[in-house]
Amino acid sequence: MEEFVVTPWEVRGKINYDKLVKNFGTKYIDESLLQKIKKLTGDLHFLLRRKIFYSHRDLDKLLNDYERGIPFYLYTGRGPSGHVHLGHLIPWILTKWLQDRFNVKLLFQITDDEKFLFKKTLSLEDALNYAYDNILDIIALGFDHRKTEIFIDTEYIKSLYKIALKVAKHLTYSTVKAAFGFDSSYNIGAIFFTAIQSAPAFIEYERNKRLINCLIPCAIDQDPHFRLTRDVAKVLKYPKPCLIHSKFFPSLSGLDKMSSSEEVSCIYVTDDEELVRKKIWKAVTGGRGTVKEQREKGGIPKNCSIFMYYYYLFEPDDNKLREIENKCKNGELLCGDCKEDLILRINKFLKEHRKKREKAKDLIDKYLVRD
RNA sequence: GGGGGCGUGGUGUAGCCAGGUUAUCAUGGCGGGCUCCAGACUCGCCGACCUGGGUUCGAAUCCCAGCGCCCCCA
């Protein structure tokens, strides 16, 4: 079997999520933890119910603290190397839900510096342009502007730099090399960068000078950064940030091909209706060779990228999702029809998103903070 | 500052030393066949020699310069 790779800069192969929990040393979000969240929020978001967010660090501790009156804030981010696709929305959707349910502040870091340093062909100017482009998508998701600060690293560096320095002083090249797999050919900006990504995890504590926890919802590939962040937190006498990790949104070109930012294997929020139709129509399914065979044996939803789209985003209702799954398995639902239905749902979603995105252009100043 | 390596389709590469048809292979993209779709399979297509000089009948290949990237030493 092909080996899989998960780092903040590369995700490929057929990912074994259990192995990640083991190798990274994180914990599963188990039933008792889910019940605890439900107790505090009143319900559970489907991304939690369905174990799409499946792993964590110290979420239990953070919730216990919360019950005892110790507040927390949310911190997540985006590396602006291109347009936003549907997969990027997963952590942000849960982040919004958490913001709403817990009524907490959110820091949203846009790492244009990172993408500039790590993407060979990306200029700093282009990264900044994508930053502003991507911010519209973030705002479109409906975060509460009174409790949300979005910042672009190159425009907010003064506020981040002192903390980043404190972090950097306690990270050696060997540590960073081991955490990220760097070799001698990496530029020195890349080596330093993780310190910048650590800063927002401590910034609220620095500002308030009183105990406040930080919760970071992110895809699990970002965990190596925050492992280092947590390590230095001890030394710097900061609270360790807590994390919840999501799985990756499946690729349309096959579930074991996770090169998710290939043009045709994902849907960009900027894709028009025809392009969505074309991409979904080309997507890999769990269907059988012929109608006859499909009717007799049924499809295999767990191998189907289309079903995964329902599962991850486009059918929040568990009963309705189960209905789709059953109809597929018993041969009642054919892939063509299933695709048509999904195309309608995606295009409906994107149409709404585009409207909100347009409106977001007038709202940027309410969210964006600069030095 | 010194020494060395490298630059070929979107990506990864072969070819370079010993210059010579239409530049290799894989992956990707596009189109067709087969499929309810897609995949698999199958047929076809698309797409590259860093730049500028020089040598030569002829340069990806040899020489010079430039640009860019990388490694080692200081």
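Proteins come first, then strands; the chains are lettered A, B, ... in the order of their sequence lines, and each starts at number 1.
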Please produce a list of atom pairs where a protein N or O lies less than 3.5 Å from an N or O of nucleotides 67-74 of chain B.
unit_1	atom_1	unit_2	atom_2	d
B:C71	OP1	A:S184	O	2.1
B:C71	OP1	A:S185	N	2.6
B:C72	OP1	A:S184	OG	3.4

If we take the [atom1] atom in both [N] and [M], what is their distance in whole Å?
N     : M     : atom1 : answer
B:G5  : B:A18 : P     : 16 Å
B:C50 : B:U13 : P     : 14 Å
B:A23 : B:G9  : P     : 15 Å
B:C45 : B:G52 : P     : 31 Å
B:G58 : B:G20 : C1'   : 7 Å
B:U8  : B:U51 : C1'   : 15 Å
B:G32 : B:U24 : C1'   : 26 Å
B:C71 : B:G28 : C1'   : 31 Å

[X] has an atom [atom1]; how far is it from atom [atom2] of [N], in whole Å?
X      : N     : atom1 : atom2 : result
A:R12  : B:U27 : CZ    : C1'   : 13 Å
A:R288 : B:C37 : CZ    : C1'   : 15 Å
A:I306 : B:U35 : CD1   : P     : 21 Å
A:K292 : B:C34 : NZ    : P     : 19 Å
A:E293 : B:A38 : CD    : C1'   : 14 Å
A:N303 : B:A40 : CG    : C1'   : 13 Å
A:L333 : B:C37 : CG    : C1'   : 11 Å
A:D337 : B:C36 : CG    : P     : 12 Å

Any ion pair linking [Y] and [X] (charged N to carboxylate O, less than 4.0 Å)?
X      : Y      : answer
A:R277 : A:E340 : yes
A:D43  : A:R101 : yes
A:D112 : A:K115 : no
A:E31  : A:R49  : no
A:K327 : A:E323 : yes
A:K96  : A:D144 : no

From B:A38, B:C30, B:U35, nucleotide with atom closest to A:K278 side chain | B:C30
Where the side chain of A:V264 is defined as all heavy atoms beyond and including C-beta, which of B:G29, B:C36, B:A38 is the nearest nucleotide?
-> B:G29
Is A:K282 touching bases, backbone alone, or none of the nucleic acid, heavy atoms closer than 4.0 Å?
-> sugar-phosphate
Any strand: nucleotide that pairs with [N] via Watson-Crick or wobble, under 3.5 Å:
N     : result
B:C46 : B:G28
B:G9  : none
B:U22 : none
B:G1  : B:C73

If you draw the axis of the six-membered ring of A:Y17, does the NZ or CZ of A:K247 fall within 45° of it and under 6.0 Å from the ring centre?
-> yes
Row check, A:F4 ring normal vs A:R12 NZ/CZ: under 6.0 Å, within 45° | no
Would you call A:F108 and A:Y367 a side-chain contact if the rule is heavy atoms closer than 4.5 Å?
-> no
Residues A:E155, A:R370; criterion salt bridge (charged side-chain N to carboxylate O under 4.0 Å, His left out); working and verdict | CA-CA 6 Å; A:E155 294 185 349; A:R370 297 187 175 91; 3.1 Å; yes
Greater than 12 external heavy atoms within 6.0 Å of A:K27's NZ = no
Listed pairs, N/O of protein and of nucleotides 43-48 of chain B, under 3.5 Å:
none

